[in-house]
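Values in this document were obtained by computation on a predicted structure and should not be read as measured data. A note on names: the letters A, B, ... follow the listed sequences, proteins ahead of strands, and every chain is numbered from 1.
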There are 2 protein chains.
Amino acid sequence: MGKIYTPATAAVGVEEVLRLLEGRWKLIILFHLFGGQVQRYSDFEKLIPGISQKMLAQQLRQLEADGIVSRKLYPQVPPKVEYRLTEWGQALCPALDAMLKWAEKRESLLSAHDGDATQESS
Amino acid sequence: MGKIYTPATAAVGVEEVLRLLEGRWKLIILFHLFGGQVQRYSDFEKLIPGISQKMLAQQLRQLEADGIVSRKLYPQVPPKVEYRLTEWGQALCPALDAMLKWAEKRESLLSAHDGDATQESS
DNA sequence: CAGTATCCCGCTTGATACTG
DNA sequence: CAGTATCAAGCGGGATACTG
């Protein structure tokens, strides 16, 4: 049973989703967690070349605050922290797949009818 | 026939899609074009309160350059311009729907098991 | 190990004015 | 009607250094 959307509310709804996914490093982080993978802070530093500690921490905090990633702290010295997707975070897959499918569709549509110039802008 | 994705390439693929959709006004513009709607430049100015002429033109140019929106110019005085979705642009709907579905899923997952505190961060 | 704290820069956005 | 041009502000992100 889906909600009812007007042009304005639907745009707002999608914008809220995009805000959760925006951020230079969030998608790379997420794709390293899909499939039930569990990563530690230092794992991400190795898996994602170029990311700074500041950005890694910031993006993880935001994903956690948004309920997409869960953080599990083992209170020991030295500290150990594990990151994994929440159930909702895992449910993101179909939406991302749909985007990839849409991107793939581009080429097939362009090649399907490539000679259809109907007075486009110069 | 879907492509094959690694964590890195899938992230890049989704990022490319997000880049097409990012921009303060693009989604509002798109939702005013879904369903075969056709709009003129001045229509958007009325439909989208608060948008400046600069931003409207810029977002439309980008959507056009990305192949999502098509621009049809009638060479007359005063000029008349119509905007509509390309076939590929219309094909965006399922992807946006998937995002909205995911957002809706959040509440159902939260209410389903709301007492599952497994040592989250303080 | 797993972070915080500062400083700084570029890019997007907004405000305003002008035009074929 | 349908734009373009210019200038300034705000925010995300990068570099670097420090800490329980």
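- Residues A:Leu100 and B:Ala10 approach most closely at CD2-O, 4.1 Å, considering heavy atoms.
- In this structure, the CD1 atom of A:Ile28 is 12 Å from the P atom of D:dG13, given to the nearest Å.
- Taking 4.0 Å as the cut-off between side-chain N and carboxylate O, A:Glu104 and A:Arg106 do not count as a salt-bridged pair.
- Crowding of A:Lys80 atom NZ: a count of heavy atoms from other residues, nucleotides or ligands under 6.0 Å exceeding 12.
- B:Leu60 and B:Tyr74 fall into different hydrophobic clusters, where Ile, Leu, Val, Met, Phe, Trp and Tyr are joined by side-chain heavy atoms under 4.5 Å apart, directly or via other members.
- Under 4.0 angstrom from either OP1 or OP2 of C:dA2 there lies no side-chain N or O belonging to A:Arg71.
- Pairing each heavy atom of A:Gln37 with each of A:Phe31, the nearest pair is NE2-O, 3.8 Å.
- OP1 and OP2 of C:dC1 both lie 4.0 Å or more from every side-chain N or O belonging to A:Arg40.
- Residue A:Ser42 has no polar side-chain atom (N or O) positioned under 4.0 Å from OP1 or OP2 of C:dC1.
- Nucleotide C:dA5 holds its P atom 16 Å from the CG atom of A:Leu56, rounded to whole Å.
- Close to D:dG3, at under 4.0 Å from its OP1 or OP2, lies a side-chain N or O of B:Tyr83.
- When all heavy atoms are compared, the tightest approach of A:His32 to B:Pro7 is CE1-CB, 4.1 Å.
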Practice problem: Spell out protein contact along nucleotides 13-20 of chain C as letters: B when the base is contacted, S when just the sugar-phosphate is, - when no protein heavy atom is under 4.0 Å; keep the 5' to 3' order. | Solution: BBB-B--B
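- Residue B:Arg61 contributes atom CZ, which lies 17 Å from atom P of C:dT12 at whole-angstrom precision.
- When Watson-Crick and G-U wobble pairs are counted only if both distances are under 3.5 Å, C:dG3 pairs with D:dC18.
- When rounded to the nearest whole Å, the span between CD of A:Glu82 and C1' of C:dG3 equals 17 Å.
- Rounded to whole Å, the distance from CD on A:Glu45 to C1' on C:dA2 is 8 Å.
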